[in-house]
A.B. asks: 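My questions all concern the structure below.
Since the structure is predicted, the reported quantities are computational estimates derived from the model, not experimental observations.
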Number of protein chains: 2
Amino acid sequence: MSTNKKLTIEDIAEKAGVSIKTVSRVFNNAPNVRQQKRDLVLGVARDLGYRPNISARQLASKRSFVISHFHDNPNTDYLSEIYEGMRRACSEQGYYAVAEKLVPQKGSYRQALLDYLLRFEVDGVILSPPVSDDTAVIKEIEERNIPYALISPGKKKKSAINVFIDEKNAGRSITDYLIARGHQHLAFISGLDSHAASRQREAGFWEAIDVAKIPKKNAVRLAGDFSMQSGFTAFDILMKKAPNVTGIFAANDKMAVGIIVAALGNGKKVPQDLSVVGFDDSPFARAMWPTITSLAQPVDEMAHLSTQKLIEWVHAKTLDQSRFEFSTEIIIRESCP
Amino acid sequence: MSTNKKLTIEDIAEKAGVSIKTVSRVFNNAPNVRQQKRDLVLGVARDLGYRPNISARQLASKRSFVISHFHDNPNTDYLSEIYEGMRRACSEQGYYAVAEKLVPQKGSYRQALLDYLLRFEVDGVILSPPVSDDTAVIKEIEERNIPYALISPGKKKKSAINVFIDEKNAGRSITDYLIARGHQHLAFISGLDSHAASRQREAGFWEAIDVAKIPKKNAVRLAGDFSMQSGFTAFDILMKKAPNVTGIFAANDKMAVGIIVAALGNGKKVPQDLSVVGFDDSPFARAMWPTITSLAQPVDEMAHLSTQKLIEWVHAKTLDQSRFEFSTEIIIRESCP
DNA sequence: CGCTAAGATGACAACGTTGTCAAACGGTGT
DNA sequence: ACACCGTTTGACAACGTTGTCATCTTAGCG
């Protein structure tokens with residue numbers, strides 16, 4: 001390992017026998033550089049281990065090389081998957097990934113966003129629920145012409161990168177799975193109705209019921225709020241309202257944990273007496289006992305792609321494709337084998 | 001809100017009738033500026049809403065204004081508390097907070113660290129377990145004279161900022177609490193022995209037993225690994241080895257969840273038949289049912305202070321105080337009221 | 001009251017890139 | 001061979017700060 005003093009664009013230019021501007025062009029994928037020189041410069045740069053200085057780039061180009069994820073979601077597992085996906089993509093391109101929790105004021109995230117933008121420059125923004133549903137936030141971002149991506153099951157925007165899974169179809173398929181395992185009396189535990197994801201998962205649930213020709217009265221909906229506690233509470237209500245239910249679809253894993261704990265505490269065996277499936281494939285789906293069958297969405301991949309496309313957009317200054325749908329997978333575990 | 005074109009140091013200098021260098025001095029808390037001028041400049045800057053351009057500062061000063069947290073801990077709740085504390089402190093000082101998961105190679109984080117440092121400049125580093133225990137990593141950081149902070153119960157370094165709680169004392173006090181609630185037959189579920197924190201918490205457990213003059217045979221140690229599953233498993237062993245235990249201290253909340261779930265599944269009531277206390281006060285301590293009595297450490301505050309002190313160190317170029325101990329608190333909930 | 005040294009201030013050159021614009025090049029049609 | 005035009009290349013001035021060093025103040029002292 002050599003004591004390499006800091007390399008600059010000039011060192012590369014000299015070694016390659018071109019001007020610094022040409023080197024700059026190569027590193028910015030700018031047009032109008034002969035392929036031969038491009039290769040030459042890249043070769044020299046690779047040999048010497050050159051990397052452009054971020055600060056100088058920022059200063060000269062008035063770009064920040066920062067991609068920010070604005071969120072307000074207590075699910076830290078979800079957040080860190082997003083962060084990891086962003087970080088990977090950013091690191092590949094010499095960008096910085098930053099995550100910022102927005103604190104709502106009077107029900108809107110607008111002020112918190114403005115506070116942030118006043119202090120830091122940002123080249124691109126990633127929004128996830130519930131921030132992605134705040135129209136005031138989107139308006140501010142669009143007015144500033146900041147490229148942005150929505151990782152969200154909500155409304156799609158023409159002028160944004162939309163990354164999503166088909167929530168309804170996912171709800172449908174995991175319900176189909178429950179039915180295929182022989183369950184004829186089913187329950188759905190909803191999340192917060194304000195979240196589009198919960199509503200769409202539920203729609204999938206009812207579609208599956210419908211298609212399987214299970215009588216509507218054999219299916220029941222219990223209101224939850226995504227919390228473990230609400231899953232726990234749902235169990236009591238379930239025992240009163242529909243004691244012969246054997247298959248439960250919880251709109252997220254936390255509620256699945258809640259209902260399983262409640263079931264065990266009341267002498268029910270899982271999955272023998274009660275089968276439970278969750279959604280998100282979060283770490284406790286693996287860590288609980290019994291482990292939980294869950295629908296996995298590739299959050300990391302989704303964040304990675306969002307970030308990549310965002311950076312492309314920043315460079316190209318124009319957005320081409322705007323919708324990216326990801327597919328999901330049912331991870332079969334003990335709670336519904 | 002005015003359409004403020006970008007303010008530079010020159011605008012402030014002109015408005016205040018001083019040179020740009022003086023403005024620069026003021027913003028860097030440099031010595032040798034008359035108090036009167038300092039106030040004048042700060043006043044003008046506040047009125048106009050000026051903030052120094054980070055990139056230009058980075059370029060000119062060869063500092064990066066980035067503080068990185070290197071970690072490899074699957075506990076995302078813990079990580080996001082650290083990140084939040086860092087973020088707050090950084091944002092106050094115009095720094096960037098960055099979190100980087102290090103992937104070990106051949107048991108060491110050294111290579112991953114070097115890969116990172118090759119790509120990005122960093123002004124300060126925060127390490128938490130298990131990275132903070134990697135001597136090769138610390139050696140590399142010290143050789144580069146990068147200020148660093150250890151949020152860790154492990155060995156204290158003279159040449160670093162050490163932020164920690166007294167783990168042994170914390171283990172002692174929560175065990176004291178169990179004993180005060182009348183429990184005379186106790187169990188400790190350990191975490192990974194490679195983690196100093198687990199060993200120290202256990203030491204506190206035994207000290208409490210000792211001081212309370214509880215016969216050693218009435219206390220038992222069960223080996224866990226911090227996972228929910230290991231807590232679950234511990235229950236079976238406990239029932240065989242020491243069925244009359246009524247008070248359990250799990251070295252973290254996850255294992256507390258595991259043992260509670262197992263207990264409920266076996267018809268035991270918590271806390272009536274079995275009282276359980278955890279450690280960390282993580283989100284499920286609140287979300288589980290029953291909610292879990294747990295020992296809380298102020299992770300957010302610890303990260304905030306680490307970052308502040310790190311930034312002070314960067315500016316002063318010298319480290320004064322090196323040890324910062326934080327106090328803990330027992331959060332009483334249903335699992336051991 | 002002048003002298004000195006320490007403290008306060010400023011002029012100007014870095015820092016390492018990108019933007020701008022002019023110049024050189026190379027291919028085409030006459 | 002020449003004029004023309006698009007493509008490629010480069011010289012040099014930004015970008016907004018901080019570092020260096022010279023100069024101007026001021027307080028203290030004989």
A.B. asks: Name the orientation class of the two ring planes belonging to A:Trp313 and A:Tyr148 (parallel below 30°, tilted from 30 to 60°, perpendicular beyond 60°).
C.D. replies: tilted
A.B. asks: Looking at B:Lys15, I want to see if its NZ is surrounded by more than 12 non-hydrogen atoms of other residues, nucleotides or ligands under 6.0 Å.
C.D. replies: no
A.B. asks: So which nucleotide from C:dT9, C:dA11, C:dT20 ends up closest to the side chain of B:Asn32?
C.D. replies: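 Selected nucleotide: C:dT9.
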A.B. asks: Identify the 5'-most and 3'-most nucleotides of DNA chain D with at least one atom closer than 4.0 Å to a non-hydrogen atom of chain A.
C.D. replies: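 Span of nucleotides near chain A: D:dT8 to D:dG16.
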A.B. asks: Under 4.0 Å, counting only non-hydrogen atoms across every strand here, what does A:Phe65 touch: a base, just sugar-phosphate, or nothing?
C.D. replies: nothing
A.B. asks: Ion pair present between B:Glu84 and B:Arg88, side-chain N to carboxylate O less than 4.0 angstrom?
C.D. replies: no
A.B. asks: Using a strict threshold of under 4.0 Å (side-chain N to carboxylate O), is an ion pair present between A:Glu140 and A:Arg144?
C.D. replies: yes
A.B. asks: Which pairs, with at least one residue in residues 301-311 of chain B and sequence neighbours excluded, count as a side-chain hydrogen bond (donor to acceptor under 3.5 Å, both in side chains)?
C.D. replies: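 Every pair satisfying side-chain hydrogen bond (donor to acceptor under 3.5 Å, both in side chains) with a residue in residues 301-311 of chain B: B:Glu92-B:His304.
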A.B. asks: Closest approach of A:Phe65 and A:Ile54, non-hydrogen atoms and distance?
C.D. replies: CB-CG2, 4.4 Å
A.B. asks: Round to the nearest Å and state the distance from B:Gln35 atom CD to C:dG7 atom P.
C.D. replies: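 Going from B:Gln35 (CD) to C:dG7 (P), I get 16 Å.
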A.B. asks: Answer yes or no: does a side-chain N or O of B:Lys37 lie under 4.0 Å from OP1 or OP2 of C:dT9?
C.D. replies: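 For B:Lys37, the contact criterion (side-chain N or O under 4.0 Å from OP1 or OP2 of C:dT9) is met.
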A.B. asks: Let me check I have this right: for DNA chain D, each base becomes ., (, ), [, ] or |, based on Watson-Crick or G-U pairs with both distances under 3.5 Å. What is the full string?
C.D. replies: ||||||||||||||||||||||||||||||
A.B. asks: Round to the nearest Å and state the distance from B:Ile9 atom CD1 to C:dG10 atom P.
C.D. replies: 12 Å
A.B. asks: If you assign B:Ile20 and A:Ala60 each to the DNA chain C nucleotide with the nearest heavy atom, which residue ends up on the more 5' nucleotide?
C.D. replies: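 Counting from the 5' end, the first nearest nucleotide belongs to B:Ile20.
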A.B. asks: Between A:Gln36 (CD) and C:dC25 (P), how many Å, whole number?
C.D. replies: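 The answer, rounded to whole Å, is 15 Å.
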A.B. asks: Provide the closest heavy-atom pair for A:Asp72 versus A:Val131 in the form atom of the first, atom of the second, distance.
C.D. replies: N-CG2, 3.8 Å
A.B. asks: Taking atom NZ of B:Lys156 as the centre, does the number of heavy atoms from other residues, nucleotides or ligands within less than 6.0 Å exceed 12?
C.D. replies: yes
